[in-house]
Each structure stands twice: as C-alpha cells, then as structure tokens.
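Accompanying notes for the structure given below.
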Amino acid sequence: MAKSSFEYVKSYELDDTLLPNTWIVVRIDGKCFHKFAEHHNFTKPNDLRALNLMNYAAYQVMKDTHDICVAFGQSDEYSFIFNKNTAFYKRRGAKLLTTINSKFSSSYVFYWRKFFGDEILQYPPCFDGRIVLYPSAENVIDYLKWRQADVHINNLYNTAFWALVLQGNLSPGQAEKRLCGTVSADKNELLFKEFNINYNKEKEIFKRGTILLKLHVQLDVKKKTVASIIDIHEDMLKEKFWLKYENLLEPTS
Ligand code: DGT
Ligand code: MG
Ligand code: MG
Ligand code: MG
Ligand code: MG
C-alpha cells in the first residue's frame with residue numbers, strides 16, 4: 001500500500017527504550033493526598049480502608065503484569081519492580097509507565113466502594129508516576145529498604161503527633177513543637193508513658209507497609225506450578241528477609 005504524504009510525522013516519535021539488563025522500578029504516588037485524605041475522612045494517622053484499597057489496586061496491576069516480581073506500598077505510593085530481563089512492551093518507558101499508572105488509577109476508583117462503602121468518592125483521584133533503573137540487585141534491595149525505612153520514620157512521627165493532638169488536646173503547632181528534636185526512643189517513650197501506647201504492638205501494615213510478592217506453588221498432582229500473589233508486612237531491613245526470599249529478584253520463566 002502506498003504511504004500517505006502525512007506519514008513522515010511518525011519519525012518525530014522518540015525512542016524511549018529503557019536500558020537492557022537493568023531492574024525497572026515504577027513508582028506511583030497520589031497527587032495532593034494530604035487534601036484527598038481530608039476530603040474523604042481518612043482516619044489519622046492511618047486509614048486501613050485506604051491502605052487496603054491501595055493494596056488491592058496494586059494486586060490488579062501485578063495480576064495482569066507477569067513480569068513484576070515484587071511490589072511495595074505505603075501511604076499513597078506504590079513501587080513495582082520488574083524482572084531484570086523483562087521484555088514487557090519491548091521495554092518502552094512511556095508504554096510501561098502509563099499502562100501501570102492507568103491500571104492502578106482506574107482500579108483505585110473501580111474498587112473504591114468495596115473498601116469505603118458509603119463514603120462517597122468526591123472527585124477523580126490522580127497519581128503521578130516515574131521510572132528508575134537500577135543496575136544491581138543490591139541497589140534494588142537498598143531501594144526497597146529506603147522506602148520501608150520511610151514508613152517507619154513517618155509512622156512513628158505521625159502516631160506520636162496525632163496522639164498529642166487527638167488524645168492530648170494539643171494544637172497541631174504545639175504537637176509539632178513538642179516533637180521537635182526528639183529521636184525514635186523519645187517518641188516511643190512519650191507514646192507509652194503519656195498515652196499507654198506500645199508502638200511495637202501497632203499493626204505491622206502501619207509500621208512496615210505492604211510487600212506483594214509472587215509465590216510459585218507446585219501442584220502435587222500434575223507437577224505444575226502456579227503463581228499466587230501474597231501480601232506480607234515483614235521487615236526488609238533485616239538480612240533474614242533476604243535469606244528467606246532469596247529468589248525474589250531472580251527472573252522467572
Ligand atoms: P504530592 O504527592 O506531592 O502530590 O502531595 P501529597 O499531599 O500526596 O504528599 P505525600 O505523597 O508526600 O504524602 C501523602 C499524604 O497522604 C500525607 O500527607 C497524608 C496522606 N495520607 C496517606 N495515607 C493516609 C492515611 O492512611 N490517613 C491519613 N489521614 N492521611 C493519609
Ligand atoms: Mg510526592
Ligand atoms: Mg502524594
Ligand atoms: Mg506519598
Ligand atoms: Mg492502540
């Protein structure tokens with residue numbers, strides 16, 4: 001078939017193929033979720049409905065995308081890690097990022113009622129997204145440790161902050177002042193002594209976020225393996241975790 005004289009415009013499209021042989025990390029994050037949380041009456045400091053909805057939307061993404069080996073979520077963000085050798089969308093960055101973000105965002109809206117019931121979704125939420133490439137497994141592990149360390153730091157602060165405001169009747173400004181310059185041990189002690197809260201006994205999902213991973217289970221009858229996605233809240237900062245899940249970043253066929 002003869003080419004139209006317009007077809008040259010296609011040559012303006014830029015090649016955005018991602019570097020081969022590197023781990024692709026896609027991270028999405030809710031836009032202005034400090035406001036979105038207010039508008040939808042999220043409980044402070046953690047709303048279990050919101051976290052479960054994030055996890056379910058991420059599960060929809062992972063279920064559809066064979067090459068994601070692990071995902072990690074906390075607050076209004078989720079990171080998806082692809083196998084090093086993935087050829088998903090021929091490693092085209094824009095295709096990959098927009099598809100993941102779009103599937104996540106539409107799932108967040110589609111399953112809203114499943115988690116929020118009568119709490120009406122007031123407006124369409126929006127997520128930003130980025131791609132980061134890592135050349136070594138060590139870098140990917142450090143990336144995941146970095147995101148999980150962030151959960152702990154924020155959650156301890158937020159738990160202390162909201163205890164001071166909601167139970168201690170301090171103003172937000174006073175609570176901020178009270179926590180200024182304190183280290184983790186101080187916040188733990190404050191929670192225990194003043195509010196009888198043992199931080200260690202807080203829910204794991206609040207303290208550590210959620211790791212979604214694919215387990216390959218062998219069906220004994222046919223010797224066939226099936227992948228099932230599980231959610232765990234274990235401590236990735238401990239080496240024990242990486243020994244237990246030693247094949248986590250290995251490509252699966
Ligand atoms: P951004 O990402 O630059 O558009 O701005 P934000 O506002 O989304 O900020 P970000 O992503 O750094 O922080 C997430 C915000 O989401 C945080 O300010 C509080 C809110 N948020 C997330 N999860 C919860 C929750 O479970 N409960 C409450 N009350 N707020 C939450
Ligand atoms: Mg942000
Ligand atoms: Mg955000
Ligand atoms: Mg965030
Ligand atoms: Mg098309």
Side-chain angles (χ1 to χ4, degrees), residues 25-61 70-81 97-98 100-109 111-132 143-176 179-180 187 191 195 197 199 201-212 231-233 236:
V25 176
V26 170
R27 182 168 78 250
I28 53 121
D29 183 286
K31 182 168 180 249
C32 287
F33 260 46
H34 65 286
K35 289 220 180 94
F36 186 84
E38 292 290 332
H39 292 144
H40 295 88
N41 301 310
F42 282 17
T43 52
K44 296 168 194 324
N46 294 294
D47 191 308
L48 204 50
R49 301 166 303 174
L51 293 174
N52 285 334
L53 174 56
M54 289 290 290
N55 290 344
Y56 200 66
Y59 168 76
Q60 300 303 321
V61 170
V70 54
F72 178 68
Q74 58 128 334
S75 180
D76 67 339
E77 71 168 59
Y78 238 99
S79 299
F80 299 93
I81 320 265
L97 178 60
T98 55
I100 298 295
N101 192 348
S102 164
K103 180 77 182 194
F104 185 92
S105 305
S106 65
S107 299
Y108 191 93
V109 172
Y111 294 110
W112 174 268
R113 280 205 66 188
K114 186 177 167 73
F115 295 91
F116 278 90
D118 290 338
E119 183 80 53
I120 303 292
L121 184 59
Q122 304 287 341
Y123 50 86
C126 181
F127 293 84
D128 70 35
R130 74 192 68 188
I131 291 177
V132 193
Y143 172 84
L144 288 165
K145 287 180 177 176
W146 171 53
R147 295 325 301 147
Q148 194 172 47
D150 191 69
V151 187
H152 167 69
I153 295 162
N154 289 335
N155 189 56
L156 181 57
Y157 183 91
N158 291 338
T159 306
F161 180 87
W162 288 110
L164 288 167
V165 172
L166 299 175
Q167 296 175 55
N169 295 317
L170 294 192
S171 71
Q174 288 169 323
E176 201 181 318
L179 293 174
C180 185
K187 294 185 194 79
L191 282 169
F195 303 103
I197 297 171
Y199 183 75
K201 291 195 174 154
E202 290 289 291
K203 281 188 168 40
E204 296 300 307
I205 188 175
F206 297 162
K207 288 184 296 184
R208 304 199 204 285
T210 299
I211 306 156
L212 296 182
D231 60 314
I232 58 171
H233 314 285
M236 293 190 287

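Both ligands and their constituent atoms are indexed starting at 1 by order of listing.
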Any N or O of [X] closer than 3.5 Å to N or O of ligand 1:
{"X": "D47", "answer": "yes"}
{"X": "G30", "answer": "yes"}
{"X": "K31", "answer": "no"}
{"X": "N46", "answer": "no"}

*asked:* Check the orientation of Y143 and W146. Use parallel for under 30°, tilted for 30 to 60°, and perpendicular for over 60°.
replied: perpendicular

*Please work out whether the ring planes of F42 and H40 are parallel, tilted or perpendicular, with thresholds of 30° and 60°.*
tilted

*Of all the heavy atoms in C32, does at least one lie under 4.0 Å from an atom in ligand 1?*
yes

*asked:* Measuring from non-hydrogen atoms of D128 to any atom of ligand 1, is the shortest distance under 4.0 Å?
replied: no

_Y78 ring center within less than 6.0 Å of F127 ring center_ = no

*Positive for side chain to side chain contact (heavy atoms under 4.5 Å, CB included) with M54, one of F115, F104, Y59*: F104

*Answer yes or no as to whether an N/O/S atom of D29 is found below 2.8 Å from the Mg ion (ligand 4).*
yes

*Shortest non-hydrogen contact between H233 and R208, atoms and distance*: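 Between these two residues, the closest heavy atoms are O-CD, 3.1 Å.
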
_D76, N/O/S atom nearest the Mg ion (ligand 3)_ =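 Checking each N, O and S atom of D76, the shortest distance to the Mg ion (ligand 3) belongs to OD2.
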
